[in-house]
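Notes to accompany the following structure.
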Amino acid sequence: TQSTRPQRLLAAVQKNATRGDPRSVVLAIDQFCRQKEWAMNVGDEKGCILDSVVSEVNPGAVLELGTYCGYSAVRIACLLPPHGKIITLEFNPDNAAIARQVIAWAGLEEKIQLVVGASGDWIPKIKEQFGVKTFDLVFLDHWKDRYLPDTKLMEECGLLREGSILLADNVICPGTPDYLEYIRNSPRYKSQYFKSHLEYTKVEDGLEKSVFLG
Ligand SMILES: O=C(NC/C=C/[C@H]1O[C@@H](n2ccc(=O)cc2)[C@H](O)[C@@H]1O)c1cc([N+](=O)[O-])cc(O)c1O
Ligand SMILES: [Mg+2]
């Protein structure tokens, strides 16, 4: 039977990356996506911007919306301080199964909590289920029409504190116009656009970094 792209991406990790070496996992996925098959990971160019934001925030608690195959969860987790943790939400159980194996190959199971389900269902339950007070950093990379409703939901559920950082992928391509309009015009956020390119291509894309002002 025909394999899926996430399955082929995992096979490339298991073939080319060193167990327990997260950076080799990141490199193996980027090489697979450049040389074999494009896949919707944040990628190496935008990934460097992600790395610099994670290093600057030095977050104890990270929420990622949209695990996919685990590329950005691994990339974020290997920059976290000793007790730092990331909760990553994945809707598609097949993607989650691949991501778990990518995360395991990187040896980051202790730092990454993968939760299967819809962001809209899980965001209201995170505080009670995972004992999280607020998130220092949220990385949005799931369905583009969910960025805005989920941001409003995070506000309502008290998951953001003064200084919490939202980092959103794909604000140009595929684009998240309603989210950008809201976040750039809201007095409750201070936003900054980091111009880059769509992963593994020359097409323009970028990350929007927004500080919640409380
Ligand atoms: O569409 C894109 N991303 C959607 C991601 C969706 C992922 O988020 C999960 N999810 C998790 C929780 C949910 O509540 C809902 C979905 C889905 O199950 C999927 O694994 C995209 C597309 C392009 N592109 O060039 O076309 C480039 C990108 O960088 C992208 O991120
Ligand atoms: Mg993306």
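Given the structure is predicted, the values throughout are model-derived calculations rather than measurements. Both counts, for ligands and for their atoms, begin at 1 and track the order of listing.
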What atoms of ligand 1 come closer than 4.0 angstrom to any heavy atom of [X]?
{"X": "A118", "answer": "14 (O)"}
{"X": "L89", "answer": "11 (C), 12 (C)"}
{"X": "L198", "answer": "25 (O), 27 (C)"}
{"X": "Y68", "answer": "20 (O)"}

Does ligand 1 have a heavy atom under 4.0 Å from the side chain of [X], from its backbone, from both, or from neither?
{"X": "D141", "result": "both"}
{"X": "W38", "result": "side chain"}
{"X": "E199", "result": "side chain"}
{"X": "D169", "result": "side chain"}
{"X": "S119", "result": "both"}

>> Quick check on side-chain contact (heavy atoms from CB on, under 4.5 Å): which of D205, L207, L198 does I172 satisfy it with?
In response: D205
> K209 and side-chain contact (heavy atoms from CB on, under 4.5 Å): which partner among L167, I49, V57, L50?
Replying inline: L167
Distance, nearest 0.5 Å, that separates [atom1] of [X] from [atom2] of [Y]:
{"X": "T176", "Y": "D169", "atom1": "OG1", "atom2": "CG", "value": "9.5 Å"}
{"X": "L9", "Y": "N41", "atom1": "CG", "atom2": "CG", "value": "6.0 Å"}
{"X": "R5", "Y": "W38", "atom1": "CZ", "atom2": "CH2", "value": "7.5 Å"}
{"X": "S164", "Y": "D136", "atom1": "OG", "atom2": "CG", "value": "6.5 Å"}

>> Which atom name does D169 have for its N/O/S atom nearest to the Mg ion (ligand 2)?
In response: OD2
> When you measure from the Mg ion (ligand 2) to each N, O or S atom of D141, which atom gives the shortest distance?
Replying inline: OD1
> Looking at Y182, is K152 sitting on its ring face, NZ or CZ under 6.0 Å from the six-membered ring centre and within 45 degrees of the normal?
Replying inline: yes
>> I want to confirm something. Looking only at heavy atoms, which of N170, N92, V116 is nearest to atom 28 (C) of ligand 1?
In response: N170
>> As a check for students: among K46, E64, R146, E90, identify the option with a heavy atom nearest to atom 7 (C) of ligand 1.
In response: E90
> Relative to each other, are the rings of H142 and Y147 parallel, tilted or perpendicular (30° and 60° limits)?
Replying inline: parallel
> atom 11 (C) of ligand 1: which protein heavy atom is closest, and how many Å away?
Replying inline: F91 N, 3.3 Å
> What is the nearest protein non-hydrogen atom to atom 4 (C) of ligand 1, stated with its residue, atom name and distance?
Replying inline: H142 O, 3.4 Å
> Can you hop from I165 to F194 via hydrophobic side chains spaced under 4.5 Å?
Replying inline: yes
> Is there side-chain contact between I98 and Q7, with heavy atoms separated by less than 4.5 Å?
Replying inline: yes
>> Looking at ligand 1, is there an atom of it that comes within less than 4.0 Å of some heavy atom belonging to L65?
In response: no
> Hey, does P174 sit under 4.0 Å from ligand 1 if you only count heavy atoms?
Replying inline: yes
> Any donor-acceptor pair under 3.5 Å linking the side chain of R75 with the backbone of G47?
Replying inline: yes
> Can you find an N/O atom of K144 closer than 3.5 Å to an N/O atom of ligand 1?
Replying inline: yes
>> Can you confirm whether E162 is buried at CD, in the sense that more than 12 heavy atoms of other residues, nucleotides or ligands lie under 6.0 Å from that atom?
In response: no
>> Quick check on the Mg ion (ligand 2): does N41 put an N/O/S atom closer than 2.8 Å to it?
In response: no
